[in-house]
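Below: one structure, written as structure tokens.
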Amino acid sequence: MSEVCALFISDLHLQPAHPATSAAFFDFLERHARHAQQLYLLGDLFEYWAGDDDIDDPFHAQVVAALRAVSDAGVAVYWIAGNRDFLVGARFAEAASLTLLPETWGADIGGQRVVVLHGDAQCTQDTKYMEFRAMVRQPAWQAQFTAMPLAQRKAIIAGLRADSRKEQSGKSYEIMDVTPQAILDVFEQTGTDVMIHGHTHRPALHHIDGKRRYVLPDWEPDATPARGGWIAVAADGVITRHDLTGAVIAS
């Protein structure tokens with residue numbers, strides 16, 4: 001078997017209320033991530049992130065320590081923000097010993113030209129979300145928000161999440177999925193042949209004009225059937241999709 005060049009995960013939505021997901025994540029780090037050259041976290045690792053001053057929370061500290069252990073084992077760990085944890089910053093990155101990447105990142109991995117992203121920026125038909133996204137990604141908005149007391153920020157986030165759940169119940173799958181033209185635009189702008197992203201919770205492999213788009217799953221081990229898994233790129237360029245057991249998923 002060829003050496004694993006890189007592993008990719010997203011949408012774990014880690015939180016104390018879902019201990020099975022946390023256990024699956026820590027198991028993945030120990031059994032798989034520590035033996036790869038690179039690990040890419042492609043957004044929504046946490047259910048939410050209110051700011052780096054919440055890093056001392058016991059649950060968050062446990063996640064940070066687990067990521068740092070992977071980095072200390074010699075693995076290069078990379079982070080792309082999701083729509084739930086875009087407030088992760090330099091303090092978190094230093095504590096976890098990982099590198100923060102811009103929201104779209106191209107790299108040569110296993111001889112493949114790969115672009116990685118979270119995927120929410122490509123859901124352009126969801127105009128209300130895109131307006132919200134544009135607002136909260138502004139440095140001035142983030143500075144004003146993180147200046148609030150932590151408890152107040154968490155209360156605001158809880159309210160936003162409740163509102164979002166109500167809105168999503170009335171949206172079609174098409175609106176909440178990526179827009180084909182937005183995907184083509186990323187391929188063209190980056191000159192890549194392979195895309196890996198999350199966000200939509202619709203794991204699949206899509207073939208587009210000779211290019212491949214891999215969509216990562218969200219993680220929910222307690223669901224029936226269990227959801228979760230990762231994508232691996234081997235040193236010889238072979239790309240495989242894996243479920244939570246590590247088994248390869250037929251494409």
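Please read all numbers here as calculations on a predicted model, not as lab measurements.
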Look only at the side chain of Q38 and the backbone of A76, and say whether a donor-acceptor pair between them is shorter than 3.5 Å. no

Does the pair R133/D126 count as a salt bridge with the N-to-O cut at 4.0 Å? no

Exam field: side chain R68 to backbone E94, donor-acceptor pair closer than 3.5 Å: yes

Let's go through H13 and D218 carefully: what are the C-alpha distance in whole Å and the side-chain angles of both, what is the deciding distance for side chain to side chain donor-acceptor pair (under 3.5 Å) to 0.1 Å, and is it a yes or a no? CA-CA 8 Å; H13 299 274; D218 65 318; over 6 Å; no

Test of understanding: clusters of I, L, V, M, F, W, Y form through side-chain heavy atoms closer than 4.5 Å, transitively. Do I239 and V248 belong to the same one? no

Hey, does the side chain of D11 reach the backbone of H199 with a donor-acceptor pair shorter than 3.5 angstrom? yes

Just by distance, do the side chain of R84 and the backbone of E47 share a donor-acceptor pair under 3.5 Å? yes

Would you say S71's side chain and S97's backbone share a donor-acceptor pair under 3.5 angstrom? yes

Would a distance-only check, ignoring hydrogens and angles, find a side-chain to backbone donor-acceptor pair under 3.5 Å from D193 to K211? no

Under 3.5 Å, is there a donor-acceptor pair between the N83 and H118 side chains? yes

Without swapping roles, check the side chain of W105 against the backbone of V115 for a donor-acceptor pair under 3.5 Å. no

With hydrophobic residues grouped by side-chain heavy-atom distances under 4.5 Å, do L100 and I55 end up in a single group? yes

Is it true that a side-chain atom of H60 and a backbone atom of D54 form a donor plus acceptor pair closer than 3.5 Å? yes

